[in-house]
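Since the structure comes first, as C-alpha cells, the remarks are kept for the end.
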There are 2 protein chains.
Amino acid sequence: MPVNSFDNYPMSWKPERKALKRPFYESIATLLEEDIKNGYLAPGTKLPPQRELADFLDLNFTTITRAYKVCKIKGLIYAVTGKGTFVSPSAARSITISRDKMTNCIDLGLVASFEETNEIVAEAIQQVTNKHYLEQLLNYNDPTGIPHQKTAGLNWMKSLGIQTDQEHISIVSGAQNALAVSLTALFEPGNRIATDLYTYSNFIDLAKMHQIQLVPILGDEYGMLPNELDKQCTQLNIHGIFLIPSCCNPTTIMMSDVRKKEIAEVIRKHRLLLIEDDIHAFMTAGMISDYQEPMFNLLPEQSVYICSTSKSICSGLRVAYIAYGDALREKILQAIFTINVKTSSFDAEVVTELILSGKAHDIVSRKKQLAQSANDIYSEYFPEKELNGHPLSFYRWLSIKNLNDGLQMETDLKKHGIRVFHSDRFLSGSTTPNKYLRVALSSTKSLDELKTGLERLKNYLG
Amino acid sequence: MPVNSFDNYPMSWKPERKALKRPFYESIATLLEEDIKNGYLAPGTKLPPQRELADFLDLNFTTITRAYKVCKIKGLIYAVTGKGTFVSPSAARSITISRDKMTNCIDLGLVASFEETNEIVAEAIQQVTNKHYLEQLLNYNDPTGIPHQKTAGLNWMKSLGIQTDQEHISIVSGAQNALAVSLTALFEPGNRIATDLYTYSNFIDLAKMHQIQLVPILGDEYGMLPNELDKQCTQLNIHGIFLIPSCCNPTTIMMSDVRKKEIAEVIRKHRLLLIEDDIHAFMTAGMISDYQEPMFNLLPEQSVYICSTSKSICSGLRVAYIAYGDALREKILQAIFTINVKTSSFDAEVVTELILSGKAHDIVSRKKQLAQSANDIYSEYFPEKELNGHPLSFYRWLSIKNLNDGLQMETDLKKHGIRVFHSDRFLSGSTTPNKYLRVALSSTKSLDELKTGLERLKNYLG
DNA sequence: TTATTTGTTGCTCTACATTTC
DNA sequence: AGAAATGTAGAGCAACAAATA
C-alpha cells in the first residue's frame, strides 16, 4: 500500500495503477511510450522522479528505473542524475533526412552537392563502359574494392593528407554506409559515443538504431572542448567519439589544428575509438591556409577515417573510402561482408576513372566555385557580424530567436515554400536555449532558385 | 565462504577466484570469453551449471546467470533449460563467407552464379550509358528507387508470384543488405528469430552482430516442422522467423506448399515477423511443377520478401527488391535511409534495362541450363540414393562421415586444392551428430574446372 | 560546504519452467 | 509420475554518483 494518496499531488505523469500488468516494468514502459507517441507528454516534459512514481504505484523504485531504461534505450526520454528524467526533443518522430517528394517547395533542407557537375560524371560513365575489363566488375571478387580502384582511392586521400596502404582501406557504399559499418564493427548496444552537441542527424538515428548512447560534449568556435570531453570520459564509460573536424555538419565549425591535437590527447588517454567523417576534406585541405591534417594522422591505430565522394564528386555514385588502423581491420572487414557483401564495382570504377583522369579535381574546383557563389549570395541575405565556420560550407547555421517548437517551424516554412531544418533535429542530447536553422546552399537547381529560397526565408523570419 | 572445497571436483571450467574484479558478472564473462577464444574451451564443452559455479565462486547463482547471458548474447555459448550451458559450435571464429584471395584453389565454397552470362550484362551497361536521362541517375532523388525502376522490379516479381505496388517495395543493395536493413528496422537486441537448424551463414553472423538470438527449429525433407516451431514459440518469446523456402541455403530443401501453409498458420498465431529470402525463386517459380507461391502471399502484412538479382541476373550489380506489408513500411524506409541513404541508381538502371529488354530472362534461362549441367556432373561423382532438395540448386549438400573438426577439414581440403564449407558453418544453434559439406557448383570458371574440383573432393573423401 | 534530490549499477531473492532420470 | 537438476525472469535491496540548493 502506498503511504500517501497522490490524488492531489502534482505529478506530470500518472499511469493508472489498475492498468499495470506483470511484468510491471514492461507495462509501465509501454504506457509511457504510448503517452509520448500520442502526444500526451510533450517533448521536454519532466517525468516524475523514480522514487516518487514508485511510491505512487507501490513498487520498488528500481522497477521504475527499469521501465525508464526501456524508454531511454528507444530514445524516447533522457535522464540526468540529480536533475530528473525528461521526454526527448526528438522523441516520437524520426530526424533522418532524406530527399522525399516535394512539390512547389525549394529545398534548403537536404544537403546535396551542386548537381550541376554531373555531366562530367556522365562522360566518365561512358568511358568506363568502353573498358575491356568491364565484365570483371560484375562478379563477387574483391569485396573491399579492386586493387587499382583502391590505389586511386589512396591517391585521392593522399591529397587530403592521408597516408596508408591497400590493406588498410576499403571501398563502401557512401558515408552513411561507412558509418553503419563502423558502428556495427566496433561498438555494441549499450556503448557510449561522444559527439558534438549538434551533430549529423543521420548519425543520431543510426546510433539510436544500434542502441548506442550519444554523449553530447560542449564546444566553442574551435570545436569540441578537450576538458569537457575529458570530464565526461572520467565520469562515464565512453567507448568512442564521432567527429566531423573539417566542417561540422550542421554547425560549419572547422576544428583548429591546435584543438585537434588537444582532443587527440584526450582520445588517446581514454583509449577511445575515433570515427572521423571527413566528407568536407576536399574543400578544406589545400584551401584553408593554416589547415594541417586530418585527426586520423594523430591517432592512426585507433581511428576510422571516412572519405565519401558524395559531396566532392557525385552523390548518386555510392562510393566512400574508409581507412583504419591495423587493430580494427578484421572487425571492419567482417562488418563490410555482413552488411554489404560488396560495394558495386561499377560505381567505384567510375569514381576511379574520374580520379585517374583528373576530372575529379575539375569537378571539385567547379563545386568550390559554386559554393563560393552560394555563400556570397547567402551573405547578402543574412550578413553575419563576424564570419563563423567554414567559408565554403555547403550549408549555413543561422541563429534564430526561440519561436515555436522546431517541428512546427519546419511545417510553417514548408507552407512558405521552403524546406529548412531546425536545430532540434541535430541535437545529440538534451535541449538547449539557442535555436538555429541549417540552411543548405547546394540543393537548389540553380543559384537563382537559391536566391528565391533565401528571400522567402528572410521574409518568414521578418 | 564456499561450503566445500572444489579442488578435486570435476568442473569443466574453473575461473580463478582471485582473478575476479567487481563487477563480478562482467569479470566472469570476460574470462569465459577469453578462454573460449583462445581455444581452452572447445566448442560443445559443457560449462558448469550456474549454481555449481556460483557455489565455487561464493556468489549468488543469478550473478552467474548474468555472466553467462553476456556470452550468450555474443553467440559464444548457448543454454538449454534442464540440460546445461555449452560452448557454441561457431563460438570463436567468423563464419561469414566471402570471396577472398585464393591461389591454386578451386572454389566450391562461395556460391557465385555462373558468371559466364556477364557479357550480356556488359551489353546492357552500354545501352544504359546511352540513355538521355543518365544524369538523373546521379543525384539524391528517389532513395527507394526511381519509379520506372520499381515498376520493372514489380514486373520481375510478378513472374515470381508477388503482387504489390510502388509504395510497398524498395530497391536495396543486394540480399545481404536487405537482411541488414530488415534486422535493423524490425528487431532489437535481445529479440529472438526462429530459423532452420542449418541456415545462411551470413545471416547467422548478422544476427550475432545485432545481438539477436537465433532459435533453431527442426525440419524434415519438406522444410521446417510446424509443431516444432509452435512449441518453441510457446516456450520462448520469439519475434520473427527467417526462411528460404524456395531452396534453403545450405540444405537445398524446397518447402512444400502444404508445409508453407502450415508454417504460415503458426506464424500468424504467434504474430511473428517473417523474413523470406527468395533469392532462388527464379529457378523455382514456373520450373517446379507443383510450386504455387511465395509465403509472402500467405502473410502479406507481417512479411518482408527479399528478391535479390545477384544469383538470377548478376552478382556484381548490387540490387535486390524488398517488398513489405504496410505496417512495416515506415520502419523499413527509415532503416534504408539510415544504412544506405540510397542504392546506386546506376546499378538499378542496368538491372531495369535487362528486365525490360527481356535479356534478364535470357540470362535466367542460360543459368538454369548451366545449373542443370553442373548438377548432372555432380550426380556422376556423387550419385545420391534418392534425389533430395531442389534439382537446379547452385550447390549440393553432401552427407559425410563424422571425421575431424569442421574447420580442420576445410583446411585439409584447401591443401588438396579445393575450398568447400563444412556444415558447422551453417549451424544456427547447438551441434548435431550429422555432418555435411556444402559443395557450390556455380563458382568455377568452367564446368571442366568443376569436374576437377569434384574429382579432388571425391579422392579426399575416399 | 553540506545535505538533499535524483538517477545508476550490481547483487540477491523468489517464483517458475523445462529437461532428465 | 515425481523428484532433482538446470536455466530464466522479475523485482527488491544497498551502495554509489552527480547535480542542485
Side-chain angles (χ1 to χ4, degrees), chain A residues 11-13 20-30 32 46-73 77-87 190 192 213 215 228 231-238 429-430, chain B residues 9 11-13 20-30 32 46-73 77-86 190-192 213 215 228 230-238 429-430:
Chain A
M11 253 200 318
S12 61
W13 186 60
L20 294 191
K21 289 189 292 280
R22 276 179 169 262
F24 296 133
Y25 83 98
E26 218 173 82
S27 194
I28 296 167
T30 309
L32 182 54
K46 182 178 191 297
L47 293 172
Q50 298 176 352
R51 280 158 240 253
E52 204 168 301
L53 186 57
D55 207 2
F56 173 70
L57 295 172
D58 199 17
L59 292 168
N60 182 280
F61 77 94
T62 54
T63 304
I64 311 296
T65 311
R66 268 197 202 66
Y68 279 8
K69 194 174 186 178
V70 171
C71 291
K72 204 164 50 174
I73 280 174
I77 61 179
Y78 67 93
V80 186
T81 304
K83 220 172 181 177
T85 307
F86 307 84
V87 179
R192 294 194 183 86
Q213 284 183 59
V215 181
E228 289 287 331
K231 201 178 85 187
Q232 291 293 335
C233 288
T234 314
Q235 284 173 14
L236 296 164
N237 184 13
I238 295 184
S430 54
Chain B
Y9 205 88
M11 258 203 309
S12 62
W13 186 59
L20 294 191
K21 288 189 293 276
R22 275 180 170 262
F24 296 134
Y25 83 97
E26 222 172 48
S27 193
I28 296 168
T30 310
L32 182 53
K46 183 177 190 300
L47 294 172
Q50 298 176 351
R51 280 158 238 255
E52 202 168 301
L53 186 55
D55 206 4
F56 172 70
L57 295 172
D58 200 18
L59 291 167
N60 183 282
F61 79 93
T62 55
T63 304
I64 311 297
T65 311
R66 265 206 211 25
Y68 279 7
K69 194 175 187 177
V70 171
C71 291
K72 203 163 50 172
I73 280 175
I77 60 179
Y78 67 94
V80 185
T81 302
K83 222 170 180 175
T85 307
F86 307 84
N191 282 182
R192 293 193 183 87
Q213 284 182 60
V215 182
E228 289 286 330
D230 188 58
K231 201 177 84 186
Q232 291 292 332
C233 288
T234 314
Q235 285 173 15
L236 296 164
N237 184 12
I238 296 184
S430 53

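Qualifying ring pair (Phe, Tyr, Trp, His ring centres under 6.0 Å) partners for A:Phe24, counting only residues two or more places apart in sequence or in other chains: none. Partners of A:Pro49 by side-chain contact (heavy atoms from CB on, under 4.5 Å), not counting sequence neighbours, listed by chain and number: A:Lys46, A:Glu52. The ring pair (Phe, Tyr, Trp, His ring centres under 6.0 Å) search around B:Phe86 returns B:Tyr78, not counting sequence neighbours. Residues forming a side-chain contact (heavy atoms from CB on, under 4.5 Å) with A:Gln213 (at least two apart in sequence, or on another chain): A:Arg192. When the side-chain contact (heavy atoms from CB on, under 4.5 Å) test is applied to A:Ser27, the partners found at least two apart in sequence or on another chain are A:Leu20, A:Lys21. Residues meeting the side chain to side chain donor-acceptor pair (under 3.5 Å) test with B:Thr63, sequence neighbours left out: none. With sequence neighbours excluded, the residues that form a side chain to side chain donor-acceptor pair (under 3.5 Å) with A:Thr62 are A:Asn60. Judged as a side-chain contact (heavy atoms from CB on, under 4.5 Å), and not counting sequence neighbours, the contacts of B:Asp230 are B:Thr234, B:Val266, B:Lys269, B:His270. B:Thr30 is linked by a side chain to side chain donor-acceptor pair (under 3.5 Å) to nothing, counting only residues two or more places apart in sequence or in another chain.
The two atoms that bring A:Ala67 and A:Tyr25 nearest to each other are CB-O, 3.4 Å, heavy atoms only.
In the helix from C:dT2-D:dA21 to C:dC21-D:dG2, the terminal helix axes, each the rotation mapping four pairs' C1' atoms onto the next four within five end pairs, subtend 0°, rounded to 10°.
Protein chain B contacts DNA chain C from C:dG10 to C:dT20, reading 5' to 3' and using non-hydrogen atoms of the protein with a distance under 4.0 Å.
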**Item:** Contact pattern, 5' to 3', of nucleotides 13-21 of chain D - B, S or - by protein heavy atom under 4.0 Å
**Value:** BB--BBSS-

